[in-house]
Amino acid sequence: MSDAAAPPAVSNFLREIVSRDMAEGKHKAVVTRFPPEPNGYLHIGHAKAICINFNIAQEFGGHCNLRFDDTNPAKEEQEYIDAIQADVRWLGFDWGKNLFYASDYFETLYEWAEHLIRNGDAYIDDQSAEETRLNRGTLTEPGKPSPFRDRSVDENLDLFRRMRAGEFPNGARVLRAKIDMAAGNINLRDPVLYRIIHTHHPRTGTSWCIYPNYDFAHGQSDALEHVTHSLCSLEYEDHKPLYDWLLAHLPVPSHPKQYEFARLNMTYTLLSKRHLTRLVQGKHVSGWDDPRMPTLAGLRRRGVPAPALVDFVKRVGVARANSVVDIAMFDACVREMLNKTASRYMGVLRPLKVVIENYPEGAGEDLEAVNNPEDPGAGSRKVPFSRELYIEQDDFMEEPPKKFFRLSPGAEVRLRYAYFVTCREAVKNAAGEVVELRCTYDPASKGGNSPDGRKVKATLHWVSAAHAKTAEVRLYNPLFTRPDPASAEDPISELNPNSLEVIEAKVEPALADAVVGTPVQFERLGYFCRDQDAGLVFNRTVGLRDTYAKA
RNA sequence: UGGGGGAUCGUCUAACGGUAGGACCGCGGACUCUGACUCCGCUAGUCUAGGUUCGAAUCCUAGUCCCCCAGCCA
């Protein structure tokens, strides 16, 4: 993925840890893992974890496993397993043959649970979930031992086997580690290891009715895969003592080390799977791939190139301090990438008819337009010109303020790649709205330059009315009105009613052949890409910077 | 008021006892057949108070503020 020309990786504490471990000869190769639970679609926050894990492994000559943490069949689905793989691949990462599932280890995990029981390190608890909660104590008060805490090894073994055999209903009993009910770290107050869930599992079907939870599956899975550095987010800090306790009490083949980093947060963006799921299920968006969603599927459909996402993650960096990245940084990465790669076209979002009075009726011509000034190799194309055109409504003002360079009565501007035109008259309807502009053109300025050296301040995009294609254009705005939707009581109530604007635009004919998903630039407007929906539909990926609008 | 973490320009992030640097945003200017791009410049920061040291963002002490944890979720 990287090459000699790639800039050096940015320094961060994870790289330092791995680098030091390698220098000390602790490992032959670095092994990391990206461990999603298949209970939803991946989002831009996952992209950070993916990049960190895959990049560090690669930089230090190792590999990164893709492991599905599928330990809770009540929430997981094959659809998500498939989507997650597609998304990681789209981002540009390859796990090769290192695809694993926690469910692959269910038998081993079960044996290890018995191992704990035999050593007196775990017991079967018959308390209800409610009783367990009540006896766990509080942040400041120690918990109370379960009345079942001192069962004999034989009884525990018998009960655990009968749990596996399906003799008990959901919630009847759990397997708990016997650690310390008075521990300051609540994760150590006899944490639950196994619970009864009579539900079909996407991979193991009905072979199991007891499932290990995160704590009993994660570290051991890491150990089984010989993961060297288990990189996760900050909220798992308190689980590390348990992670280490389990590895120390089990016959695991290796002892991975866990390190935590801050997860990604972005302004105006919600990145909690729970809430994203609500958006989808509550039909507030069209689906997981709605272009307004921060999911990889949504961003892809919106037209965000994967390399821009990877670049973004790199620029954001990695640290242990919680932070919220300005969405503007993301937009900047997308624009930078697209500016270099997107072919230019002309499209008019809000058409205003223009008639060139001195251009012969019925005549027309094809004008040469450069496809991408940033990439000479992109070539050029022909754009049809004729007497009747459309320009952007925003490009005309009857009474222009001082710094308005565009069209106004008597003003002359350039139509990109075409001619200089001068506005002679603004035709209004009964309501007093400008509905058409009568202009004249300078035939000598063909191509966009006047032989007399005359300059114009503005260049407008346009389309020939007779040749234009009508396209549906979907303009996306932030899904939320507040920059910190996650802190809202109910984020759903903070949805931006204007997050989607659908308009009918006029675009140059070449756009009729636009390929779905291929980014294009509508000159002076922004980057777009054709949507997968039938017909000529474009999504706005991101607008161009607009220093005039800001003023 | 238990346990675990964290505080550096507006935002994100470097620095590993020795010139606080970069990116984004913002603001100027140059250029321009995209008010884009590009280029140049500017603005702006070490949570507070002490201490150690020739020298502290970095080490020590005491505070302050923020985040996480009481699922049979991950």
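Chain naming here is simple, since letters A, B, ... match the order of the sequence lines and numbering starts at 1 in each. Owing to the predicted nature of the structure, the values given are computational and were not obtained by experimental measurement.
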K.L.:
Determine the minimum heavy-atom distance between A:Phe385 and A:Leu415, stating which atoms define it.
P.N.:
CE1-CD1, 4.0 Å
K.L.:
Taking only the C1' atom of each, what is the distance from B:U43 to B:C9 in whole angstrom?
P.N.:
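Approximately 9 Å lies between the C1' atom of B:U43 and that of B:C9.
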K.L.:
Measure from the ring center of A:Trp112 to the ring center of A:Phe216 and say whether it is less than 6.0 Å.
P.N.:
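Between A:Phe216 and A:Trp112, which both carry aromatic rings, the centre distance is not below 6.0 Å.
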K.L.:
Just how far, in rounded Å, is C1' of B:A36 from CD of A:Glu374?
P.N.:
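After rounding, the reported distance stands at 9 Å.
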K.L.:
Centre of A:Phe168's six-membered ring, under 6.0 Å away, within 45 degrees of the axis: is that where NZ or CZ of A:Arg173 sits?
P.N.:
yes
K.L.:
Write down the partner of B:U48 under the Watson-Crick or G-U wobble criteria, each distance required to be under 3.5 Å.
P.N.:
B:A62
K.L.:
Within the 3.5 Å criterion, strictly below it, is a donor on A:Arg263 or A:Ser233 matched to an acceptor on the partner's side chain?
P.N.:
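Absent: no donor and acceptor within the cut-off.
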K.L.:
What's the closest nucleotide to the A:Arg136 side chain, out of B:A23, B:G35, B:G71?
P.N.:
B:G71
K.L.:
For B:A57 versus B:U19, give the span between their P atoms, rounded off to a whole number of Å.
P.N.:
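10 Å, rounded to whole Å.
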K.L.:
With rounding to whole Å, what would you report as the distance between B:U64 and B:C25 at their P atoms?
P.N.:
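Going atom to atom, P in each nucleotide, I get 38 Å.
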K.L.:
Given B:G35, B:G6, B:A70, which nucleotide is nearest the side-chain atoms of A:Ile186?
P.N.:
B:A70
K.L.:
In whole angstrom, what separates A:Ile327's CD1 from B:C24's C1'?
P.N.:
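Taking CD1 of A:Ile327 and C1' of B:C24, I get 12 Å after rounding.
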K.L.:
Which of the following nucleotides, B:A36, B:C72, B:U1, is nearest to the side chain of A:Val192?
P.N.:
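Of the options given, the side chain of A:Val192 lies nearest B:C72.
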K.L.:
Look at the side-chain N and O atoms of A:Arg320 and state whether any lies under 4.0 Å from the OP1 or OP2 oxygen of B:G6.
P.N.:
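Yes.
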K.L.:
Would you classify A:Asn12 as touching base, sugar-phosphate or nothing, given that sugar-phosphate means primed atoms plus P, OP1 and OP2, and contacts are heavy atoms under 4.0 Å?
P.N.:
sugar-phosphate
K.L.:
Can you tell me how far P of B:G5 sits from OH of A:Tyr259, to the nearest Å?
P.N.:
14 Å
K.L.:
Please find the pair of heavy atoms, one from A:Tyr259 and one from A:Leu14, that lie closest to each other, and give the distance.
P.N.:
CB-CD2, 3.9 Å
K.L.:
Rounding to the closest angstrom, what is the interatomic distance between B:U1 and B:C68 at atom P?
P.N.:
16 Å
K.L.:
Name the closest nucleotide to the A:Ala332 side chain, picking from B:G6, B:G35, B:C25.
P.N.:
B:C25
K.L.:
Paired with B:A70 by Watson-Crick or G-U wobble geometry, both distances under 3.5 Å: which nucleotide is it?
P.N.:
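WC or wobble partner does not exist here.
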K.L.:
Answer with base, sugar-phosphate or nothing: what part of the nucleic acid does A:Gln127 contact at a heavy-atom distance below 4.0 Å?
P.N.:
base
K.L.:
Under 4.0 Å between any heavy atoms, over every strand shown, what does A:Tyr236 touch: base, sugar-phosphate, or nothing? Just pick one.
P.N.:
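Base, at least one base atom sits under 4.0 Å.
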K.L.:
Expressed in whole Å, how much space separates the P atoms belonging to B:C66 and B:G71?
P.N.:
24 Å
K.L.:
Under 3.5 Å, is there a donor-acceptor pair between the A:Asp70 and A:Ser103 side chains?
P.N.:
yes
K.L.:
Whole angstroms only, please: what is the CG-C1' distance between A:Leu271 and B:A74?
P.N.:
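After rounding, the reported distance stands at 16 Å.
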K.L.:
May I ask you to evaluate whether A:Arg195 reaches the phosphate of B:A74, defined as a side-chain N or O under 4.0 Å from OP1 or OP2?
P.N.:
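Yes, A:Arg195 has a side-chain N/O under 4.0 Å of OP1/OP2 on B:A74.
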K.L.:
How about A:Glu523 and A:Gln521: does a side-chain donor come under 3.5 Å of a side-chain acceptor?
P.N.:
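On atom types as modelled, these side chains do not qualify, holding no pair under 3.5 Å.
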K.L.:
Using the C1' atom in both, what is the distance from B:G17 to B:U46, to the nearest Å?
P.N.:
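About 15 Å, rounded to a whole number of Å.
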K.L.:
From the options B:U34, B:A74, B:C24, select the nucleotide whose nearest atom is closest to the side chain of A:Met329.
P.N.:
B:C24
K.L.:
Nearest whole Å is fine: how far is B:C68 P from A:Asn265 CG?
P.N.:
10 Å
K.L.:
Closer than 3.5 angstrom, by distance alone: can the side chain of A:Asp125 be matched with the main-chain N or O of A:Val174 as a donor-acceptor pair?
P.N.:
no
K.L.:
Using a cut-off of 4.0 Å on non-hydrogen atoms, how would the nucleic acid contact of A:Asn213 be classed: base, sugar-phosphate, or nothing?
P.N.:
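If one applies the 4.0 Å heavy-atom cut-off, A:Asn213 turns out to touch the sugar-phosphate alone, with no base involved.
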K.L.:
Quick one: look up who B:A15 pairs with, Watson-Crick or G-U, both distances under 3.5 Å, and put none if it's unpaired.
P.N.:
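Base-paired to nothing in any strand shown.
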K.L.:
Is there a side-chain polar atom (N or O) of A:Thr71 under 4.0 Å from OP1 or OP2 of B:A74?
P.N.:
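The answer is yes; a side-chain N or O of A:Thr71 sits under 4.0 Å from OP1 or OP2.
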K.L.:
How many whole angstroms separate atom CG of A:Asp326 from atom P of B:A23?
P.N.:
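That distance rounds to 16 Å.
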K.L.:
Are A:Ser128 and B:C72 close enough that a side-chain N or O sits under 4.0 Å from OP1 or OP2?
P.N.:
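For B:C72, neither OP1 nor OP2 has a side-chain N or O of A:Ser128 closer than 4.0 Å.
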K.L.:
Nearest to the side chain of A:Glu237, heavy atoms from C-beta on, is which of B:G5, B:C67, B:A36?
P.N.:
B:G5
K.L.:
What interatomic distance, in whole Å, is found between C1' of B:G26 and the corresponding atom of B:A44?
P.N.:
10 Å
K.L.:
Paired with B:C39: which nucleotide, if any, by Watson-Crick or G-U wobble criteria at under 3.5 Å for both distances?
P.N.:
B:G29
K.L.:
Report the residue (A:Ser11 or A:Arg524) whose heavy-atom-nearest nucleotide on RNA chain B is the more 5′ of the two.
P.N.:
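Of the two residues, A:Ser11 wins.
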K.L.:
Determine, answering yes or no, if A:Tyr548 is stacked on B:G35 under the 5.5 Å centre rule and the 30° plane rule.
P.N.:
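By the stated criterion, A:Tyr548 and B:G35 stack.
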K.L.:
Of the candidate nucleotides B:C69, B:C12, B:C73, which contains the atom at the shortest distance from the side chain of A:Leu139?
P.N.:
B:C69
K.L.:
Mark yes or no for whether A:Asn53, through its side chain, and A:Ala49, through its backbone, hold a donor-acceptor pair below 3.5 Å.
P.N.:
yes
K.L.:
I want to verify a distance call: between B:A23, B:G5, B:C37, whose nearest atom is closest to the A:Arg545 side chain?
P.N.:
B:C37
K.L.:
For A:Glu392 and B:A36, what is the distance between atoms CD and C1' respectively, to the nearest whole Å?
P.N.:
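One finds 15 Å between C1' of B:A36 and CD of A:Glu392, rounded.
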K.L.:
Please pick, from B:C25, B:U1, B:C12, the nucleotide with the shortest atom-to-atom distance to any side-chain atom of A:Thr140.
P.N.:
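Closest nucleotide among those given: B:U1.
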K.L.:
What's the CG-P distance between A:Asp484 and B:U11, to the nearest Å?
P.N.:
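The distance from CG of A:Asp484 to P of B:U11 comes to 14 Å, rounded to the nearest Å.
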K.L.:
Take atom P in B:U53 and the same atom in B:U13, then report the distance between them in whole Å.
P.N.:
34 Å
K.L.:
As a test of the definition: with a 90° window around 0 for syn, would you call B:G50 syn or anti?
P.N.:
anti
K.L.:
Relative to the 5' end of RNA chain B, which residue comes earlier, A:Ala319 or A:Arg344, by the nucleotide with the nearest heavy atom?
P.N.:
A:Ala319
K.L.:
Any base atoms under 4.0 Å from A:Val370, or only sugar-phosphate, or nothing? Heavy atoms, all strands.
P.N.:
nothing
